[in-house]
A.B. asks: 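Structure in structure tokens, see below.
Just so it is clear, the model here is predicted, and its values are computed rather than measured. We name chains A, B, ... by the order of the sequence lines, and we start the count at 1 in each one.
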Number of protein chains: 2
Amino acid sequence: MKRVRGSRSGRPIMALLDLLGRRWALRLVWELREEPRRFRDLQAAIGASPTIVNTRLAELREAGLVRLDEAAGYRLTELGEELLRLFLPLHVWAGKWAKSI
Amino acid sequence: MKRVRGSRSGRPIMALLDLLGRRWALRLVWELREEPRRFRDLQAAIGASPTIVNTRLAELREAGLVRLDEAAGYRLTELGEELLRLFLPLHVWAGKWAKSI
DNA sequence: GCCCGTTACTACAATTTCTGTAGCGATATC
DNA sequence: GATATCGCTACAGAAATTGTAGTAACGGGC
């Protein structure tokens with residue numbers, strides 16, 4: 001098992017929070033929720049530098065959440081889709097949250 | 001409604017992903033899942049600088065997710081607890097994830 | 001009054017991360 | 001050979017984060 005920055009405890013939840021708590025990481029997973037997307041497409045969609053997009057994608061690939069399908073582009077793995085399913089309710093909740101502040 | 005960095009679109013989900021995608025933001029919410037905690041206690045728990053802990057807490061407070069209860073310490077608001085409930089399954093999933101990589 | 005501990009929080013230089021722009025090397029199409 | 005798309009890299013400047021120290025306010029004990 002690969003060690004992730006900040007996960008000195010070795011507790012999986014901490015490693016996960018650390019991984020997803022890096023800039024653009026959550027957003028990248030979100031952008032892949034519907035269909036595979038190309039590198040440049042992803043980069044344009046989130047508006048980050050190619051350097052950091054590549055770095056995050058590499059981390060997410062190493063974590064087994066994302067993979068590169070040469071024919072179609074970057075896509076979530078089975079594991080990545082499981083994670084996404086946990087996050088989907090966020091979409092609805094975000095609307096409610098926005099109204100209340 | 002306050003505008004959040006990177007949320008040029010105005011879509012709540014983007015604002016939320018941006019807010020939570022900043023370093024230590026997710027982790028701070030997580031650390032408040034059980035009980036109120038003092039500033040120094042939080043800071044020591046996550047191992048970040050006081051500067052950034054204070055910055056993130058201010059952002060989370062402005063977002064209505066966290067508040068400072070002078071008697072007990074920092075705690076989640078009602079809204080913050082709702083958000084946390086969406087994240088709780090993450091704990092279980094993280095264990096499974098760790099095993100598979 | 002005065003020391004002591006605790007609280008949240010700030011100042012600031014050093015370090016790390018991210019951005020913005022340009023470009024590379026491979027592959028495919030004409 | 002020219003043109004386009006693909007993932008990806010180089011690199012200098014800008015921004016975020018760290019690490020350390022310290023401030024100001026409050027509440028005991030003495």
A.B. asks: Measure from the side-chain heavy atoms of A:Pro50 and tell me the nearest of C:dC18, C:dA8, C:dA22.
C.D. replies: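 So the nucleotide nearest the side chain must be C:dA22.
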A.B. asks: So what does A:Arg38 touch, heavy atoms closer than 4.0 Å: a base, only the sugar-phosphate, or nothing?
C.D. replies: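 Sugar-phosphate only.
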A.B. asks: Within less than 4.0 Å of OP1 or OP2 of D:dT18, is there a side-chain N or O belonging to B:Trp24?
C.D. replies: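 For D:dT18, OP1 or OP2 has a side-chain N or O of B:Trp24 closer than 4.0 Å.
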A.B. asks: C:dA26 C1' sits how many Å from A:Arg40 CZ, rounded?
C.D. replies: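 Atom-to-atom, A:Arg40 to C:dA26, this comes out as 12 Å.
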A.B. asks: Looking at every strand, decide which applies to B:Arg37 at a 4.0 Å heavy-atom threshold: base, sugar-phosphate, or nothing.
C.D. replies: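 Contact class for B:Arg37: none.
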A.B. asks: Starting at the 5' end of DNA chain C, which residue's closest nucleotide do you reach first, A:Ser49 or B:Gln43?
C.D. replies: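 With A:Ser49 and B:Gln43 compared, the 5'-side residue is B:Gln43.
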A.B. asks: When you check the phosphate oxygens OP1 and OP2 of C:dT10, does a side-chain N or O of B:Asn54 lie under 4.0 Å from one of them?
C.D. replies: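 It does, given that an N or O in the side chain of B:Asn54 lies less than 4.0 Å from OP1 or OP2 of C:dT10.
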A.B. asks: Would you mind classifying the nucleic acid contact of B:Thr51 as base, sugar-phosphate or nothing, using non-hydrogen atoms under 4.0 angstrom?
C.D. replies: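 B:Thr51: base contact, heavy atoms under 4.0 Å.
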A.B. asks: May I have the distance from B:Arg22 (atom CZ) to D:dA16 (atom P), rounded to whole angstrom?
C.D. replies: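 Distance check: B:Arg22 CZ to D:dA16 P gives 9 Å.
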A.B. asks: Check the distance between D:dA25's C1' and B:Leu68's CG and give it to me in whole angstrom.
C.D. replies: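 The answer, rounded to whole Å, is 14 Å.
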A.B. asks: Tell me the interatomic distance from A:Arg23, atom CZ, to C:dG20, atom P, rounded to whole angstroms.
C.D. replies: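 It works out to 9 Å between those atoms.
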A.B. asks: Quick check for you: among C:dT19, D:dA16, C:dT7, whose closest atom lies nearest to any side-chain atom of B:Arg56?
C.D. replies: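 It is D:dA16.
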A.B. asks: Looking at A:Thr77 and A:Gly64, would you say the former's side chain and the latter's main chain have a donor-acceptor pair under 3.5 Å?
C.D. replies: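 Present.
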A.B. asks: Using atom CD1 of A:Ile52 as one end and atom C1' of C:dT21 as the other, report the distance to the nearest whole Å.
C.D. replies: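 Rounded to the whole Å, the gap is 16 Å.
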